[in-house]
Number of protein chains: 2
Amino acid sequence: MRNMSDIIEQYLKQLIQDSGGEVVEIKRAHIAEKFDCVPSQLNYVIKTRFTNEHGYTVESKRGGGGYIRITKVETHSKSEYLAHLKRLIGDGVSEQNANRIIQSMFENEVITIKEAKIINAAVERETLMLELPYRDTLRASILRRVIDVILYSEE
Amino acid sequence: MRNMSDIIEQYLKQLIQDSGGEVVEIKRAHIAEKFDCVPSQLNYVIKTRFTNEHGYTVESKRGGGGYIRITKVETHSKSEYLAHLKRLIGDGVSEQNANRIIQSMFENEVITIKEAKIINAAVERETLMLELPYRDTLRASILRRVIDVILYSEE
DNA sequence: ATAATTATAGTCAAAGAAGGTCAAAAGAGG
DNA sequence: CCTCTTTTGACCTTCTTTGACTATAATTAT
């Protein structure tokens, strides 16, 4: 693994798995010490790798007995999950968030790796040769349509 | 050996062979130092000798822990077929022709039915909310990129 | 009760660490 | 010479790491 953030990401995902695949609760300072980094690096890891788009929910509490709890979004109902993603996409979506959503669909086994790559290619910045407000709108349109198709072809 | 670019090309190909013939991951700056050249020369080598057409795919990441990964892809007659489709697409393609091309890929077993549906959804008229000369241009751009991905995401 | 202290977590911007782009300069071949 | 390829370097973009400062909760002292 190439850098601290990736390592911590893997570690946290492992913790989630080990505890039944749903949730994990950590002490920020404790993890930071374990990996010998500053505490705020945990915030960075969470902000870049455990977002809604990735399919996670994060709660936390400060002060004595504080914690950070990462919960994996329920994906038992595919249609619910995909509807959730469509809501996140809305009328516009950045490339970064699109990537996260596509990755989440792959990790939740709604699409294959090849399908993920195809969808990614279709919504890349260089592919959609458009200026900025429109590009994000178009990307959202494509993604929503693609998700609809995925939804159908699941049945 | 004639020049630095050729030498680096050979070196990288050797690395791929040594590691099982599939893939190699490098640090740009490290290779540049080894051959005493500027880092951007690596980009030149990659752009001129490790393209899709050459049968390679390249991924990279910037920032701490960054890397460049070159993967060799099997290239039989399929690449010829897909290159042909890309030529057909050119700078613009109607929805009808796009449908035909997608259908053809399915019939030739380069994509699954689900992949076909996904690609179709991505290039539909209603998805690409654009007026006519631009819509066909955009559709072509998406299709060409997707075909590139299909070309190298074969495992 | 209230205030002070301690224990956590959050934010944000700067610094650092890669890789990418582009065009000018240099070199090679015809 | 002229053209095509290669080499170089200045500048750009993206991702990560770090730390000072802030916000909030629990505990302890007054």
Side-chain angles (χ1 to χ4, degrees), chain A residues 1-12 15 23-54 56-71 94-100 103 120 124-127 129 131-132 135-136, chain B residues 1-12 15 23-54 56-71:
Chain A
M1 200 54 57
R2 323 167 223 294
N3 56 40
M4 194 50 46
S5 290
D6 286 345
I7 292 169
I8 294 173
E9 173 191 359
Q10 286 315 122
Y11 176 72
L12 294 177
L15 283 188
V23 65
V24 68
E25 193 170 304
I26 58 169
K27 293 236 170 234
R28 190 180 75 150
H30 176 240
I31 304 288
E33 193 177 357
K34 179 181 179 77
F35 290 99
D36 193 31
C37 63
V38 295
S40 61
Q41 178 137 19
L42 268 291
N43 297 89
Y44 175 72
V45 171
I46 285 165
K47 189 156 50 179
T48 53
R49 291 147 162 89
F50 293 89
T51 67
N52 277 319
E53 287 80 3
H54 282 118
Y56 296 90
T57 298
V58 178
E59 304 154 278
S60 67
K61 196 173 116 181
R62 308 185 191 192
Y67 59 83
I68 298 177
R69 181 162 52 225
I70 303 174
T71 311
S94 69
E95 178 159 12
Q96 234 187 13
N97 277 140
N99 287 166
R100 289 169 176 162
Q103 192 194 331
N120 241 312
E124 268 171 357
R125 194 174 307 149
E126 308 86 61
T127 304
M129 319 149 300
E131 286 318 302
L132 231 191
R135 200 200 306 145
D136 283 2
Chain B
M1 195 59 56
R2 335 179 236 306
N3 56 40
M4 192 52 38
S5 290
D6 286 344
I7 292 170
I8 294 173
E9 174 191 0
Q10 289 313 312
Y11 176 71
L12 293 177
L15 282 188
V23 65
V24 67
E25 193 170 302
I26 57 169
K27 294 237 169 233
R28 189 179 75 152
H30 176 240
I31 303 289
E33 194 177 358
K34 180 181 178 77
F35 290 98
D36 193 33
C37 63
V38 295
S40 61
Q41 178 136 18
L42 269 289
N43 297 88
Y44 176 72
V45 171
I46 285 165
K47 191 153 38 179
T48 53
R49 292 148 161 89
F50 292 89
T51 65
N52 271 317
E53 287 70 21
H54 285 115
Y56 296 89
T57 175
V58 179
E59 302 155 279
S60 67
K61 191 174 142 191
R62 308 185 189 190
Y67 59 83
I68 298 178
R69 181 161 53 225
I70 303 174
T71 310

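Letters A, B, ... mirror the listed sequences (proteins, then strands); counts begin at 1.
- Put simply, chain A comes within 4.0 Å of DNA chain C, heavy atom to any atom, from C:dA7 to C:dT11, going 5' to 3'.
- Residue A:Gln96 is classed as a sugar-phosphate contact, given heavy-atom separations below 4.0 Å to backbone atoms only.
- Note on A:Arg125: only backbone sugar-phosphate atoms sit closer than 4.0 angstrom, heavy atoms only; bases stay farther off.
- For the salt bridge (Lys or Arg N to Asp or Glu O under 4.0 Å) test, no residue two or more places apart in sequence or in another chain qualifies with A:Arg62.
- Note on residues 36-46 of chain A: no pairs pass salt bridge (charged side-chain N to carboxylate O under 4.0 Å, His left out), not counting sequence neighbours.
- Residues of residues 39-49 of chain B having a heavy atom closer than 4.0 Å to DNA chain C, listed by number: B:Ser40, B:Asn43.
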Distance-only check: which donor-acceptor pairs under 3.5 Å involve side-chain atoms of residues 38-48 of chain B, not counting sequence neighbours?
| unit_1 | atom_1 | unit_2 | atom_2 | d |
| --- | --- | --- | --- | --- |
| B:Gln41 | NE2 | B:Ser5 | OG | 3.0 |
| B:Asn43 | OD1 | B:Arg28 | NH1 | 2.6 |
| B:Thr48 | OG1 | B:Tyr44 | O | 2.8 |
| B:Thr48 | OG1 | B:Val45 | O | 3.4 |

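- With sequence neighbours excluded, the residues that form a side-chain hydrogen bond (donor to acceptor under 3.5 Å, both in side chains) with A:Glu95 are A:Arg125.
- For B:Arg62, counting side-chain heavy atoms from C-beta on, the closest listed nucleotide (D:dT8, D:dT13, D:dG19) is D:dT13.
- Among the heavy atoms of the strands lying under 4.0 Å from B:Gly66 are primed sugar atoms or P, OP1, OP2 only; no base atom is included.
- The closest side-chain donor-acceptor pair between A:Ser94 and A:Gln96, if any, does not fall under 3.5 angstrom.
- Note that CG of A:Leu12 and CZ of A:Phe50 are 4.5 Å apart. Values are rounded to the nearest 0.5 Å.
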